[in-house]
Each structure stands twice: as structure tokens, then as C-alpha cells.
Amino acid sequence: MSDKNVEKGAMLYEGKAKQVYETSGRDLVIIHFKDDATAFNGKKKGRIEDKGIINNKLSASFFRLLESAGVATHFVTRINDRDMLCRNVKIIPLEVIVRNVAAGSLAKRTGQAEGTALDEPLVELTYKDDARGDPLVTKEEAVSMGAAAPEEIDAIRGLALQVNDILYPYLLEKKLKLIDFKLEFGRSEEQIVVADEISPDTCRFWDSETGEKLDKDRFRRDLGGAKEAYMEVWNRVGDFRLSGV
Ligand code: UDP
């Protein structure tokens, strides 16, 4: 049976933008991408039409790019418009944020104007806990909370910076500035792999010439044109396999 014909089993988990399904007898899951959009820890709810389709395709493209550059991910294949086949990894309960330019919560916390370039990429860790709004944690706090071992956190930070080193120039060539992004990691057979998704839901992309926001901030901040912005990112980035890189 080819990977594309794997059967969807019971739903294991439903998140704000995705569902995770078990598959028949193998160490694989199917991730289903929805159009539902939320912000501010679920307080703002809405839909971005076709977002699930674009995020599935974009995530597949970015995961393939990372794999081709030697970074392991949970990605196996894209099955259809909204479904992605992935390895069933144990998600490490940390959100790992990499920033190249001050924006969002960093700009708010530090008082730096949004758009201020950072001398060096910054990595932040937040603990995945909706009830407490995913609080920022230090490495030591993450370790003492049992989220991961110290060596795992060092590895995760290294991987996150490696992902930035791959994505940043790739996107800039497509006239997209990678302002910041969030990664999640999973444990698979003693290996740590990039998991979850990489999309305009989880990254800030600004047009490198005009500064126009082409990401979920269009929804968060009621700027309008969210669907068009997601489409624009897909039109520029497209399928990594076809890009000839
Ligand atoms: N992010 C995310 N999920 C979260 C929080 C943040 O994908 O639960 C992404 C967000 O899209 C941005 C980056 O992480 O690309 C940094 O977000 P920030 O901390 O500035 O948070 P926000 O401004 O969304 O509160």
C-alpha cells in the first residue's frame, strides 16, 4: 500500500487549527489542516478560507526543504489538500520561537519598535500550557518542569537556529523577510525532529521591499486580506520540489 492510501483511523487529538488521526497499525499519524483561526490564546476565533490547504502545502514544502538540508522532521508525505502523513512523535511541550526582527510579544515586552533588526537571532522557549497562556520559560525552568533534559534543550536551540539559517535566505530570495517563527519538536526513536507545522500561522513574513505583513497578523490585528496574504506566500514559495534549489 502506498503512503498516499494510508487509512485514517480514530481522531487522537483536536487542536485549534489541526486534527491528528491514528493510522492502521503503523507508527504514523495523519495531520488534518483546518481553516479555523484563533489568536490571543483562543480568545479571538474565526476562519481563513482555504488556510488549511495552503498551510498543508507550505508546511510540506518547508519540511522537504529542511530534510534536503539535513534537518530531520516528522514529515512523510502530503496525502491530499488538507492531510499530511507524519511520523508519530512524542511532542516536547515547548514552543521554540526564533526571532530575527523585533515584533509581537518581544516588541511589547522590551519596548523595541516593531521592525527593529536584532543583532543576532534570538531563541525563546515557552511552555505549552493554554491555561497559563504558554508562559516564557528559561532553560532551567523548562528542565525543572520536566519538559526536556538540558542536553535536549541545547539540541533544540541548535536545531531552531539551523532552521533559521536555512529558511531565512531561502525566503529572502522570494522577497519574504522572515521576522520570527515558532517551532515544535518531537522525539522519535531517540532522535529529536522538527514537528507541527511551518506556515503563515506560525511565522511572520513581511514583504522584503514594502514591509507588508503576509501572515496571521492580518487576522490577529484585523488588517483584512488574510486569505490573499496566505495565497501570496504560497505563490512565492510554492513547492520546494519544483523550485530547482
Ligand atoms: N507563534 C505561534 N504560536 C503561538 C505563539 C506564537 O505560532 O502560540 C508564532 C507567531 O506566529 C510569531 C512568533 O511565534 O511568528 C512569535 O510570536 P509572539 O511571541 O510575538 O506572539 P504574538 O505576537 O503572537 O503574541
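Note that ligands are numbered from 1 as they come in the structure, with each ligand's atoms numbered from 1 the same way. Remember, it's a predicted structure, so these values are computed and weren't measured experimentally.
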Next on the checklist: Taking atom NZ as the centre, does Lys16 end up with more than 12 heavy-atom neighbours from other residues, nucleotides or ligands that are less than 6.0 angstrom away?
Outcome noted: yes
Next on the checklist: Using a 4.0 Å cut-off on heavy atoms, what residues surround ligand 1? Order them by chain and number.
Outcome noted: Glu95, Ile97, Arg99, Ala103, Gly104, Ser105, Asp134, Asp180, Phe181, Lys182, Asp201, Thr202, Cys203, Arg204, Arg220
Checklist entry - Linking I/L/V/M/F/W/Y whenever their side-chain heavy atoms sit closer than 4.5 Å, directly or via other members, would Leu125 and Ile97 fall into one cluster? => result no
Under the 3.5 angstrom rule, does the side chain of [X] hit a backbone N or O of [Y] as a donor-acceptor pair?
| X | Y | value |
| --- | --- | --- |
| Arg187 | Ile192 | no |
| Arg78 | Asn80 | yes |
| Asn100 | Pro121 | no |

Checklist entry - Between Ser199 and Ser59, what is the shortest heavy-atom contact and its length? => result CB-OG, 4.1 Å
